[in-house]
Amino acid sequence: MFTFMIEGNLGENPELRVTRDGKKVAQLRVGRTSRRVKDGNWVDAHTTWVTVTAWEDLAERCMSLKKGDTVVITGRDDLRPWAYTRRVDGEAAAELQVTASNIALSMRFKSAESLEPENDPWSAEDATAPEPEYA
């Protein structure tokens, strides 16, 4: 199995839509700018943009993210590269698309606030297994 992971910044707020079948889907644009040291100074190089698709519950959770947030995306093994001949400015370009299996807010540059879920799947109240009987 192939897993794709990228850490980058959201280029715009996530967009949530609903398919004809009623499934929720969110689309995010994540940019990662390479930096290099040149003549003793950090210089920005090119930015790699990835279009990320999230489905159902994960799509809904993405709506708490906003443009500029640093996120870590783990993608499933359906990575799709799309090559373009030239951009408007004449430079060669490409697009990378991936379906997210997980999206996390990165804490590398700032802290994050954890929100308690409405229903905790690990709580004893939600357990479906019966309690053991003791003699």
Practice task
Search all heavy atoms of Ala59 against all heavy atoms of Ala54 and return the closest pair with its distance.
Solution key: CB-O, 3.3 Å
Exercise for the section: Treat each ILVMFWY residue as a node, draw an edge where side-chain heavy atoms are under 4.5 Å apart, and state whether Leu65 and Ile73 are in one component. Expected result: yes
Exercise for the section: Check whether any side-chain heavy atom of Gln97 sits under 4.5 Å from a side-chain heavy atom of Thr53, and report yes or no. Expected result: no
Completion exercise
Sorted by chain and number, sequence neighbours left out, side-chain contact (heavy atoms from CB on, under 4.5 Å) with Lys23 holds for Thr19, Trp55, Glu56
Handout entry: Contact summary for Pro14 and Met63, nearest pair of heavy atoms
Key = O-CE, 3.4 Å
Exercise for the section: Considering only NZ, NE, NH1 and NH2 on the basic side and carboxylate oxygens on the acidic side, decide whether Glu12 and Arg29 come within less than 4.0 Å. Expected result: no
Practice task
Answer yes or no: is there a side-chain heavy-atom contact under 4.5 Å between Leu16 and Lys24?
Solution key: yes
Please tabulate, for the side chains in residues 30-39, all donor-acceptor contacts under 3.5 angstrom to protein atoms that are two or more places apart in sequence or on a different chain.
| unit_1 | atom_1 | unit_2 | atom_2 | d |
| --- | --- | --- | --- | --- |
| Arg32 | NH1 | Glu7 | O | 3.3 |
| Thr33 | OG1 | Thr47 | OG1 | 2.8 |
| Arg35 | NE | Asp44 | OD1 | 2.9 |

Problem - Side chain proximity check, Ser101 to Thr74, heavy atoms < 4.5 angstrom - result: yes
Exercise for the section: Under the side-chain contact (heavy atoms from CB on, under 4.5 Å) rule, collect the residues that match up with Arg17, sequence neighbours excluded. Expected result: Glu15, Val25, Gln27
Exercise for the section: Verify the cluster assignment for Leu105 and Val98: are they in a single hydrophobic cluster under the rule of side-chain heavy atoms below 4.5 Å apart? Expected result: yes
Exercise for the section: Assess whether side-chain contact (heavy atoms from CB on, under 4.5 Å) is satisfied between Val72 and Ser106, documenting all intermediate values. Expected result: CA-CA 6 Å; Val72 178; Ser106 174; 4.0 Å; yes
Problem - Ile6 CD1 to Leu96 CG distance, which is reported to the nearest 0.5 Å - result: 7.5 Å
Practice task
Using side-chain contact (heavy atoms from CB on, under 4.5 Å) as the criterion, point out the one residue from Ile103, Asn13, Val50 that pairs with Leu28.
Solution key: Ile103
